[in-house]
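The residues of the chain are indexed from 1 along the displayed sequence. No experiment lies behind these values; they were computed from the predicted model shown.
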Amino acid sequence: MDNRKYNIYFNTHTISGIIICAVLYVMFFAGSFSFFKDDLASWQKNESYLSKGNTVGRDFNYILDSLARYHTLKGRDIDITLQRHQAGAYVAMSGSHDPVVQKLKPKKKPEPKRGRGRGRGGDDDSVFFTYDFSKRQEAAYADSYTIGEFLYRLHFLAQLNQVFPFRIGVPFGYLLAGVVSFIFLFALITGLLLHWDKLVANFFTFRPWHKPKTVWTDLHTVLGVIGFPYQLVFAITGIVLIFNSFLIVPYTKLFYKGDDDQLYKELGFGVKAAFPYAGSALRASCNLNQLVAQTAQQWPESDISLVAIRNAGDQNMHVIIQGKPHTDAQLNGLGERIYRMRDQAIVADRPPLSPPTYIQTVRGFIYHLHFGDFGGRPLRVIYFVLGLLGCVVINSGVLIWLVARDKKTIPARQRKFNFWTANVYLASSLSMLPVTAFCMTALLFLKKAGQADIYHWYFYPWLALSVYFLIRRNLALINRQALWLSAVSCFLLPLLDGMVRGNWFWNTFRRQAFDILFIDVLFLCLSALSVVVLWKMARPKQRQPEVPSAEKIAVD
């Protein structure tokens, strides 16, 4: 490779990586843990979705009866979206299409725990809440918030939407996550081109006893090559999933006259069919439980994903049931059955195991690749490990950048700036693991912890620990203390879970609560890994590669 191309690739890779390193680390770290979103939710609620004794009966009729206590259901559109573990659901009800109901006030003031939804009616009476089938209990989204949901949303920076409420086509947090994913794609490609000529040789080269820059360079190269396919997949699918609002705007304007709702329906989101409101009362009865049970029985190797009602209580009322095939039976596909309630007729029926359409194939392929839900827990563990290796690649890249610029020929002011850039990055990134374990430990002692509690026990300790590391101004010290705090906090988590809630390993194993057991074992393994790294760092001083400190970079 000639010098001109090498310099182009090197500068593009370095600059793009430094610009996005902090945000990218947060996305990789939180995204790695969000693979176990359902397990984290089970752990926090102390309710195993995998235990055989936790068989949940889904009573959809009870949900309708509960809604009818506070609202006139006539003319409503109701969507009951089942969660992946099938023990809970998101319930959204629109305003009524009936002009008489639109003028009525609610029968009773809705309970505060219900949030408002986006209704199409004019009575401002739409609602959105989560529902737990096992407890037959509803709750507002914020009240049912879990640490798994928090980390999942953090990995695409959803929390920034509350800090910066303005929109530039999409909410600010989503925009930033999309931009970072796009720049990350450039960093990946230029990094591969940069090492292309010596790709094989560098892959088998690791020199742990050499000077710091050599160690970090080998780590960055070897782990970068190992994780390149994984990171490339996540860069591309992340751009599509997060940045899709910008990507589809031209098509919305050109083909759908600005109607983005119709475009999303064409892409397979929600219910595509439209049913006009007739304005006359429905005389036939509707047993939602019976319809769902009948459909589920006739759809083997599939799970119900959506139960929707259009024009409730109207002569033109329809019930739409959607289902997704098990990934071990068929990777992609979406089943849909539509019941016309006035004569109980099935007007459309497409089983989930039918050959998927082109849109279903592409959309499902992107989703499955990004979320790693097609290979069970072993694949998600592999995704988790590769995600953490991506964090190591980012850290080593920042340290390579810093050491390469720690030269006497560089002005002291620029060296000071470089050091503080790395100091801020490492202080904020290395504190995430101990803060995550600390937040989850705090949740053990909180009753009915919600969104506000998780925000409080995560962001404030994260800020405090980051400021403490910044004040120390020693990167080697930050690394050692972050590892020590990670070892202690990750060890205390399963220990206190056993002491406070009785979730010792043998107890959760005996009652087959494998999701709760997995989280405790995971953090115990992270604690052991932190101890191993600390032990490896405690080798003889003459062989210990030193990280530049504030004094060495002449920070005044």
Side-chain angles (χ1 to χ4, degrees), residues 58-98 101 110 113-133 136-141 144 149 259-277 282 286-293 295-296 299 302-314 316-324 334-341 347-348 350 352 360 363 367:
R58 299 175 301 189
D59 192 345
F60 297 93
N61 291 337
Y62 186 83
I63 297 178
L64 298 183
D65 294 339
S66 176
L67 287 170
R69 279 187 285 172
Y70 307 106
H71 309 273
T72 302
L73 298 187
K74 185 178 180 181
R76 307 272 188 177
D77 292 344
I78 303 172
D79 288 352
I80 305 174
T81 305
L82 276 75
Q83 298 176 8
R84 186 166 53 184
H85 48 68
Q86 297 284 303
Y90 299 106
V91 181
M93 183 181 71
S94 75
S96 177
H97 302 295
D98 191 281
V101 177
K113 61 184 177 181
R114 286 183 177 176
R116 287 177 50 193
R118 295 182 178 180
R120 292 184 292 174
D123 60 349
D124 196 28
D125 194 19
S126 57
V127 295
F128 175 81
F129 58 90
T130 62
Y131 186 81
D132 189 330
F133 287 107
R136 303 182 73 176
Q137 185 178 41
E138 64 183 66
Y141 174 76
S144 60
E149 182 74 7
D259 188 359
D260 53 353
D261 289 338
Q262 183 61 32
L263 175 58
Y264 279 110
K265 289 180 180 179
E266 295 287 349
L267 292 175
F269 295 91
V271 179
K272 179 180 178 180
F275 307 96
Y277 182 68
L282 177 68
C286 175
N287 189 332
L288 207 56
N289 289 342
Q290 181 180 352
L291 296 178
V292 174
T295 305
W299 284 354
S302 304
D303 288 325
I304 302 296
S305 59
L306 174 68
V307 179
I309 296 175
R310 293 295 179 263
N311 305 320
D314 183 67
N316 198 33
M317 174 180 173
H318 287 73
V319 173
I320 302 95
I321 300 176
Q322 293 182 353
K324 297 179 180 178
L334 179 67
E336 183 177 76
R337 176 175 290 185
I338 302 177
Y339 291 92
R340 187 173 57 210
M341 297 314 301
V347 297
R350 179 184 177 87
Q360 292 171 356
R363 179 169 170 251
Y367 269 78

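Residues Val91 and Glu138 form no side-chain contact, since every pair of their non-hydrogen atoms from C-beta on lies 4.5 Å or further apart. Within the 4.5 Å cutoff, side-chain heavy atoms of Val127 are placed close to those of Leu67. Residues Leu306 and Ile320 have side chains not in contact (no heavy-atom distance under 4.5 Å, counting atoms from C-beta outward). Counting only heavy atoms from C-beta outward, the side chains of Phe133 and Ile63 approach each other to under 4.5 Å. By the 4.5 Å heavy-atom criterion applied to side chains, Phe60 and Leu291 are not counted as neighbours.
Taken to the nearest 0.5 Å, the OG1 atom of Thr295 stands 4.5 Å off from the CZ atom of Arg337. How far OG of Ser96 is from CG of Leu73: 9.0 Å, rounded to the nearest 0.5 Å. Summarising the geometry, atom OG1 belonging to Thr81 is positioned 12.5 Å from atom CD1 belonging to Ile304; distances are rounded to the nearest 0.5 Å. Residue Ile78 holds its CD1 atom at 9.5 Å from NE2 of His71, rounded to the nearest 0.5 Å. With values rounded to the nearest 0.5 angstrom, Asp59 atom CG is found 5.0 Å from Arg136 atom CZ. Between the CZ atom in Arg310 and the CD1 atom in Ile338 there is a gap of 10.0 Å [rounded to 0.5 Å].
Ring orientation note: the planes of Tyr90 and Phe128 are close to parallel, at an angle under 30° on the 30°/60° scale. Aromatic ring orientation, Phe275 versus His318: parallel (interplanar angle below 30°, classes split at 30° and 60°).
The minimum heavy-atom distance between Ala308 and Asp79, with the atom names listed, is CB-OD1, 3.3 Å. The minimum heavy-atom distance linking Gln322 with Val271 is given by the pair NE2-CA, 4.1 Å. Of all non-hydrogen atoms in His97 and Asn311, the two that sit nearest each other are CD2-OD1, 3.4 Å. Taking all atoms of both residues into account, the shortest heavy-atom contact from Ser144 to Thr130 is OG-OG1, 2.9 Å. Across every non-hydrogen atom of Gly95 and Arg76, the tightest pair is CA-NH1, 3.5 Å.
Screening residues 84-97 for salt bridge (Lys or Arg N to Asp or Glu O under 4.0 Å), with sequence neighbours left out, gives Asp38-Arg84.
A distance-only check finds a donor-acceptor pair linking the side chain of Asn316 to the backbone of Pro276 [under 3.5 Å]. The backbone N or O of Gly88 sits nowhere less than 3.5 Å from a side-chain atom of Asp132 that would complete a donor-acceptor pair. At distances below 3.5 Å, not a single donor-acceptor pair connects side-chain atoms of Asp303 with backbone N or O atoms of Lys324.
Tyr131 and Ser66 form no side-chain donor-acceptor contact under 3.5 Å, judged by distance and modelled atom types alone.
By the salt bridge (Lys or Arg N to Asp or Glu O under 4.0 Å) test, Asp98 pairs with Lys74, sequence neighbours left out. Among residues two or more places apart in sequence or in another chain, the side chain to side chain donor-acceptor pair (under 3.5 Å) test is passed with Ser305 by none.
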